[in-house]
There are 2 protein chains.
Amino acid sequence: MPDSTSPSSPPTPVPAPSPSHARRSDATRAAILDSARERFAADGYERATIRAIARDAKIDPSMVMRYFGSKEGLFAAAVAVDIRLPDLGTLPRQEVGRVLVAHFLDQWEGNEVLTALLRVGAGSQAGAERMQGVFRDQVMPVARRVCPDPEQTATRAALTAAQLLGLALTRYVLRLPPAVALPREEIVAWLGPTVQRYLTAPHP
Amino acid sequence: MPDSTSPSSPPTPVPAPSPSHARRSDATRAAILDSARERFAADGYERATIRAIARDAKIDPSMVMRYFGSKEGLFAAAVAVDIRLPDLGTLPRQEVGRVLVAHFLDQWEGNEVLTALLRVGAGSQAGAERMQGVFRDQVMPVARRVCPDPEQTATRAALTAAQLLGLALTRYVLRLPPAVALPREEIVAWLGPTVQRYLTAPHP
DNA sequence: ACTGTTTGCCAACGCTCGTTGACCAACGTA
DNA sequence: TACGTTGGTCAACGAGCGTTGGCAAACAGT
């Protein structure tokens, strides 16, 4: 499986990436990616079929193959994820928890790619490795700026990830009714101090 | 899909459930269930094929159909889950958090069914409904005994579920390296106070 | 207008899956 | 010994999947 955590060059047979002026097929490409993201988020990797994605995008399944090489390639292109964590080093330390929870909620509310990534990450070994890559390349560097003790960074980042991904799991994937019903500000009020403690409090 | 959260009568074509003396096929049945649990936990619902499960159990795929009716029926029988939460009402309130986290870790370390359930719950709508059933039938009643205010029970149970399922997700499914490396007692020390606060602290 | 490239559809391939029904062997009872 | 029941195998089915290659239309450069 190609590495999706870095935007590696796609295996598209289109000869040269001419960034000067748009190709006519860019719209189709985007439509495929949109449908793919939706299907992967809703159904997971296996149940999201190329045929169904192509039907949603109103094109032939073979076009998906031509543009993205394989189902794996399509998935890699569809969930090239950048969670754009803010630089937590520039704000007061006692606000880190609440800001991070609020940012996390914003990202998940407006980006079905994250749901797709979590669904697939939980569903297969390859998906799990993708999430490990996101954690390593995007979460850990930010955590390093908040808790300078390098020996504790990994632990504190993992605790934070457990709390935040658990929220995403129960609210956006499993959809446990009380987790869905929780208002945004209440989540921030409850989870903010938890994350704050995981990142900055002394080892218990 | 049959309801798996309650041990409903299986769709097995064996005529009468004679509980008096064991049948000769009980060993085979158990072998199938063992292989099924392992495969479902390792591969998720779609990738765990009946053929592979039968191969593990060293019998013919058609036996699985005869005993469990369908793949759905096999899954329902394999993950008939009882998380056996302790009665938290009988111990000092300030210990509830740590006891619950420790119990949760014990359950997950020794029971691959839970990993299978979480993997499948994250992978499909039907799986998510199964986890909603476990939450509603097994978690909520226990939470009611700890936080008597009925208006807050659901919220507090959901927050606790988010924290604990997030731990299970990062540690047993995604296997984020620092989450896997965390010693048991350190998890209890970090998450115990969090769960304690979610269940018993006043609304923030 | 001619020609090569891009964009797209169509029909099929090979494969694996869940599932079925016919058939066989071992056993328990009369 | 004969026979119904139970435990198990074998071979095949129909369907759906990812994937491929060929061909038609639209376009662009000359």
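These numbers come from the heavy atoms of this one structure, side chains and all, not from hydrogens, waters or symmetry mates. In the text below, chain A, chain B and the rest are named by the order of the sequence lines, each starting its count at 1.
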More than 12 heavy atoms of other residues, nucleotides or ligands under 6.0 Å from CD of Q196(A): yes or no? yes
Output the rounded distance in Å from OH (Y67(A)) to P (dT20(D)). 17 Å
Taking atom types as modelled, find out whether T28(A) and Y67(A) have a side-chain donor-acceptor pair closer than 3.5 angstrom. no
Nearest-nucleotide wise, let me know which of D60(A) and R47(A) is further upstream toward the 5' end of DNA chain D. R47(A)
Can a side chain N or O of S62(A) be found less than 4.0 Å away from OP1 or OP2 on dC10(C)? no
Roughly how many Å is it from CD in E72(A) to P in dT19(D), rounded to a whole number? 9 Å
Mind calculating the distance between CG (D43(A)) and P (dG16(D)) to the nearest angstrom? 16 Å
Distance in angstrom units between K71(A) NZ and dC17(D) P, rounded: 9 Å
Between the side-chain atoms of R66(B) and the base atoms of dG8(D), is any donor-acceptor pair under 3.5 Å? yes
Of P61(A) and K58(B), whose nearest nucleotide on DNA chain D comes first from the 5' end? K58(B)
Any side-chain heavy atom of L118(B) within less than 4.5 Å of one from L169(A)? yes
Rounded off to whole Å, could you give me the CZ-to-P distance for the R29(B) and dG8(D) pair? 10 Å
Between dC13(C) (P) and I50(A) (CD1): distance, integer Å: 20 Å
Can you list, pair by pair, the side-chain donor-acceptor contacts under 3.5 Å of residues 174-192 of chain A, counting residues two or more places apart and other chains?
unit_1, atom_1, unit_2, atom_2, d
R184(A), NH1, D106(A), OD1, 2.6
E186(A), OE2, H203(B), NE2, 2.9

Does S70(A) place a side-chain N or O at less than 4.0 Å from the phosphate oxygens OP1/OP2 of dG18(D)? no
Closest to the T49(B) side chain: dT9(D), dG18(D), dC17(C)? dC17(C)
